[in-house]
Amino acid sequence: MSIFVNKNTRLLVQGITGKEGQFHTRQCVEYGTNVVAGVTPGKGGQKMDEVPVYNTVKEAVAGADANTSMIFVPPPFAADAIMEAADAGVELIIAITEGIPVMDMLKVTNFLKNYKCRLIGPNCPGIITPGECKIGIMPGPMHKPGGPIGVVSRSGTLTYEVVHQLTMQGIGQTTCIGIGGDPVNGTDFIDCLDAFEKDPETKGVVMVGEIGGSAEEEASEFVKENLSMPVVGFIAGITAPPGRRMGHAGAIVSGGSGTAEGKIEAMERCGIHVCDNLGTLGQLCTKVFT
Amino acid sequence: MKIHEYQAKELFRKYGVAVPDGGVAFNVDEAKKVAQTLGGYPVVVKAQIHAGGRGKGGGVKLASSLDEALAFAEEILGMNLVTHQTGPEGRIVKKVLIEQGLNIDKELYLSILPDRATRKNIIMVSEAGGMDIEKVADETPEKIIKVYVDPLAGLSAYHLREVAFGLKIPSGAMKPFFKLLQGLYKMFSDYDCSLLEINPLVLTKEDNVIALDAKVDVDGNSLFRHKDIMKYRDVDEEDPLEYEASKYNLNYINLGGKGNIGNMVNGAGLAMATMDIIKKAGAEPANFLDVGGGADAEMVENGFRIILSDKNVKGILINIFGGILRCDILATGVVAAAKKVGLNVPVIVRMEGTNVEEGRRILSESDLELVSAVDLQDAAEKVARIVN
């Protein structure tokens, strides 16, 4: 089992003919993901390798029965692409694009309230159910299929680091999700924790947060109230200076809120096993999960 | 992207938001010209830097005559202004805004900003405007009124009423206040502001509502659709190394001060975590540097140069998790860049991920003194050895 994606996922790629879109589509196909369609306006009727390309998402859904979309559209057009996918009936949208204006994402997240669909990202590495389905830009081979641990994170390469350490310890993963480093995103920690709790195969979760906002604090309360499985937590940015955006648009300590200390304190208070040294996260997971 | 008060006020004027008469001056001669065009005294001389708290730091002065105004301009231009927002190193003032003094009746606070938690825009106002607004927010948060605006539906008349009655705007000033708030909200939306703040917004004895101050920060991700304000970018207000890094698409932040270990990492989250590891090892991170997913030899080379131009740096930790960016390509880049730049401090390289064996081989076969670390724990111990 897994959450959100599995071998039945039928993926379409928006922006499939661009440089990034092509490269990562091929990587996903190679991993075994069922890529059924691509969308690039004006290139309908062509093919990217074996994948049929359509002009609109509606056509791709009708023609190839796609139920999930991965978005590689550049920032000025990404909000439009997300709304197009939702309006075409796509159930799960994974937006990889980095650099979408905050105002666009405010509008998009309000727009999506009228649709029964889930957005993951933007500015994220994507989602992978090891051995079944990879949607995104993460390196596939380092993952270990079969569970029992779920991973949810605001970061990209930091997630790879965590997954690598789990695999090195012989701990497999059910599903790994990057929810993205932007201040306004679709799926949050709580959505993922809730889904992991309901997944019979997932027996524990690693939650990787960073400075900025209050999502980790709220997720910690959720863990305390709702999770029956152990959770290991890590927060990046203890040494980040206030008032500066640390690479991710959402990673900023402002007016004394969003600090790493506050998040770690909340995690500890809610019974999460906090890792204070990333170098030993794998060992801590072995101790907590096995 | 932050812009100056005088630039923000230019935008305010376009949106029908009342501001005091005035103009910017880069030297005392220009200050004289501006002061003489105003309708008499007092006038206010205000330092223009990208930081708040200017009044308390001595960068805002009220002058009752031309001579006094010019003396203040002389004093403020070129001064190193230290405020709670500039940090102890302060900021050199290169321009001043000269403005007409007003008959102030009441000082209010107003700001508009996007709220990540509710996914709405917040209009935040308070009757307790002025220099101590941060204290008000801390100690008496009930004095701050928040009105939430749906970004899709936009500003409605009831929002205006909630704000105006909340601020106890006198009936005579109601109409100009509505016009001001509508203008501000439109400008906030049009320009993708991540913050639009006026402190103080003043009510005059003549029932006018005037933006005495203006602080505007525009979402850097939105600049592709705001080419017209790129002219407002002031590189004098940016850290010289950060400005240099931005030219090579390197995401670099100079942590300044005590930092003694530089670092180069791919990905923002891992870069932050790497800074934390350096600190935990007993050293101080000198910078944040995310080379991104597509780093090549040229980017690595520029990264080295920028890190090494900080003379406090005693060592560099490179931490790369190869995914799309393959370790062998990175290793080749590191070797080439290190030879070109001429390293004079130890460099610890920790690589993991795609093609890591090949990458490690390239590093060990180079005649450079690169220290290889097998994992993060090992890297931390090697960092500790440099500083101890």
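So you know, we letter chains A, B, ... as the sequences are listed, proteins then strands, and number each from 1.
Annotation: side chain to side chain donor-acceptor pair (under 3.5 Å) contacts of B/Thr140 (sequence neighbours excluded): none.
Checked by atom type and distance alone, the side chain of B/Ser126 pairs as donor or acceptor with a backbone atom of B/Lys143 at under 3.5 Å. Checked by atom type and distance alone, the side chain of B/Gln85 pairs as donor or acceptor with a backbone atom of B/Gly52 at under 3.5 Å. Judged purely by atom type and a 3.5 angstrom limit, A/Thr187 has no side-chain atom pairing as donor or acceptor with the backbone of A/Ile179.
Neither the backbone nor the side chain of B/Asp378 comes within less than 4.5 Å of any heavy atom in chain A. Using a 4.5 Å cut-off between heavy atoms, A/Asn185 touches chain B through backbone and side chain atoms alike. Proximity to chain A involves both the backbone and the side chain of B/Phe188, based on heavy atoms less than 4.5 angstrom apart. For B/Glu242, the part lying under 4.5 angstrom from a heavy atom of chain A is the side chain only.
Chain A forms more heavy-atom pairs under 4.5 Å with one residue of B/Ala117, B/Ala137, B/Gly269 than with any other, namely B/Gly269. Heavy-atom pairs under 4.5 Å with chain B peak, among A/Gly250, A/Ala249, A/Pro141, at A/Gly250. Chain B forms more heavy-atom pairs under 4.5 Å with one residue of A/Asp276, A/Ile137, A/Thr280 than with any other, namely A/Asp276. Each of A/Ala251, A/Gly237, A/Pro139 has some count of heavy-atom pairs under 4.5 Å with chain B, and the biggest count is that of A/Gly237. Note on B/Thr274, B/Asp276, B/Leu376: by heavy-atom pairs under 4.5 Å with chain A, the leading option is B/Asp276. Between chain B and the options A/Asp188, A/Ile211, A/Val184, A/Val102, heavy-atom pairs under 4.5 Å are most frequent for A/Val102. The most heavy-atom pairs under 4.5 Å with chain B, out of A/His248, A/Met246, A/Glu210, A/Arg245, come from A/Met246.
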For residues 156-167 of chain A, which side-chain N or O atoms pair as donor and acceptor with protein atoms under 3.5 Å away, sequence neighbours left out?
unit_1, atom_1, unit_2, atom_2, d
A/Thr157, OG1, B/Asn266, O, 2.7
A/Thr159, OG1, A/Ser153, OG, 2.9
A/Thr159, OG1, A/Ser155, O, 2.5
A/Thr159, OG1, A/Gly156, O, 3.2
A/Glu161, OE1, B/Arg350, NH1, 2.6
A/Glu161, OE1, B/Arg350, NH2, 3.1
A/Glu161, OE2, A/Gln165, NE2, 2.9
A/Glu161, OE2, B/Arg350, NH2, 3.2
A/Gln165, OE1, A/Leu281, N, 3.3
A/Gln165, OE1, A/Gly282, N, 2.8
A/Gln165, NE2, A/Leu278, O, 3.0
A/Thr167, OG1, A/Met142, O, 2.8
A/Thr167, OG1, A/Val163, O, 3.1
A/Thr167, OG1, A/Gln173, NE2, 3.1

Return all side-chain donor-acceptor pairs below 3.5 angstrom for residues 279-290 of chain B, not counting sequence neighbours, or 'none' if the list is empty.
unit_1, atom_1, unit_2, atom_2, d
B/Lys279, NZ, B/Glu284, OE2, 2.7
B/Asn287, OD1, B/Asn263, N, 3.1
B/Asn287, ND2, B/Asn263, O, 2.9
B/Asp290, OD1, B/Gly267, N, 2.7
B/Asp290, OD1, B/Gly292, N, 2.7
B/Asp290, OD2, B/Ala268, N, 3.4

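Shown here is B/Lys382, whose NZ atom has more than 12 heavy atoms of other residues, nucleotides or ligands within 6.0 Å.
A donor-acceptor contact under 3.5 angstrom links the side chains of B/Gln377 and A/Asn277, judged on distance only.
Rounding to the nearest 0.5 Å places CG of B/Leu317 at 12.5 Å from CE of B/Met275.
A salt bridge is absent between B/Asp115 and B/Lys146: the closest approach of a Lys/Arg side-chain nitrogen to an acidic carboxylate oxygen does not fall below 4.0 angstrom. B/Asp150 and A/Lys113 are not joined by a salt bridge, as no carboxylate oxygen comes within less than 4.0 angstrom of a charged side-chain nitrogen.
Close approach to chain B, defined as a heavy atom under 4.5 Å from one of its heavy atoms, is seen in A/Phe23, A/His24 of residues 18-27 of chain A, taken by number.
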